[in-house]
Amino acid sequence: MNRIRTAAALASSALLAAGLTTLAPTASAAPDAGGAPTATTPAALSATPHRVLFDNSKGETAGNADWIISTAQPDPLAQNANPTTEKSWTGALSAWGVALQKTGQYSLKTLPAGSTISYGTGAALDLAKFDTFVVPEPNIRFSAAEKAALIRFVQNGGGLFLISDHTQSDRNNDGWDSPAVINDLFTNNGVNNNDPFGISVDVKNISTDNPRAINDAADPVLHGPFGAVTGSILRSGTTFTLKPADNPNVKGLVYRTGYSGTTGAFFATSSYGSGRVAVWGDSSPADDGTGQPGNNLFNGWNDPAGTNAALALNATAWLSKA
């Protein structure tokens, strides 16, 4: 993927690197001068950690991608049981994982390469044992059984976080890129083939934009425990078309410049059955610039053009019903 960064933006990113990636576990939120929780402090510890599974079974490290929270899989704590920064774990999504881990509210695992996504089978990493499943830019098509498992998981109360990328981003050259993989899930899953979430991935390659958040002070993703979301970054990604006629619960939260309503949504949420769904149109915002040697990575997580860390973390909390 091509990502555009200016020297000034990267320099600013370095100064912000200690932000949401260095959350400390607290019993309650630390108020600011106005009495509100700060952007870097979750509201309260949970008695039972929210269980989040990150996927690495669908080519998430193919090519130049490194969309994992740690090379220690399934348990990132095997790499470092007390992570302090994104460099404590190896992966371009390590900042995301470390930020959640440091709150004390989340239990994290990774579904390793070669695994099968399942629901209700009793397997050690079966989706029934998790609250949220994060699929960051899948490059391998879900099998028929996996697609049914994902829809059932959401239908029965699970949270599904899907990250797409631009069209023709087929990193492993198997004929499937993330827009095609996700659209196939939405329209050919064997449970509800009629767009159950009210979302369609646009087959586009948008080179650069700084999408902005809608004005909604009551939205739990835009104004959640990890701070306020003002926007995101788009660096060779895509958008979504929303279809409220298919699912009236679908909602666009962040939009490409000049777009609103049902077109040009860059980040959207929906609900289906008793579960929840979030979709993001580019992997660049979640990239923390660190990872395995040889990958060309960029620090989108702390890019000052967006509030990407707050968006990812608030959405994870919302999906997990934290």
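Small disclaimer: the values here were computed from a predicted structure and weren't measured.
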So, Thr90 versus Gln79: side-chain donor-acceptor pair below 3.5 Å or not? yes

Quick check against the 3.5 Å criterion: does Asp202 have a side-chain atom that pairs as donor or acceptor with the backbone of Lys204? no

Salt bridge check: are Glu146 and Lys58 linked by an N-O gap of less than 4.0 Å? yes

Quick one: does Asn64's side chain have a donor or acceptor within less than 3.5 Å of a partner on Asn296's backbone? yes

Rounded distance (nearest 0.5 Å) linking atom CG of Leu100 with atom OH of Tyr106: 6.0 Å

Backbone N or O of Asp165 within a donor-acceptor pair of the Ser178 side chain at under 3.5 Å? yes

Charged N to carboxylate O below 4.0 Å: is that the case for Arg235 and Asp282? no

Donor-acceptor pair between Thr61 and Asp66 side chains, under 3.5 angstrom: no

Using the side-chain hydrogen bond (donor to acceptor under 3.5 Å, both in side chains) rule, take Asn56 and Gln73 through it: C-alpha gap first, then chi angles, then the decisive distance, then the call. CA-CA 9 Å; Asn56 186 31; Gln73 300 175 11; 3.1 Å; yes

Does Ser169 reach the main-chain N or O of Asp177 with its side chain, forming a donor-acceptor pair under 3.5 Å? no

Strictly distance-based, threshold 3.5 Å: is any side-chain N or O of Lys129 a donor or acceptor partner for the main-chain N or O of Gly122? yes

Would Ser271 and Asn249 satisfy side-chain hydrogen bond (donor to acceptor under 3.5 Å, both in side chains), going step by step from the backbone distance to the final call? CA-CA 6 Å; Ser271 60; Asn249 300 310; 3.3 Å; yes

Asp288 side-chain N/O to Asn299 backbone N/O, donor-acceptor pair under 3.5 Å: no

Donor-acceptor under 3.5 Å (Trp89 side chain, Asn80 main chain): yes

Checking Tyr255 side chain against Gly261 main chain: does a donor-acceptor pair fall under 3.5 Å? yes

Can the ring centres of Trp96 and Phe54 be said to be less than 6.0 Å apart? yes

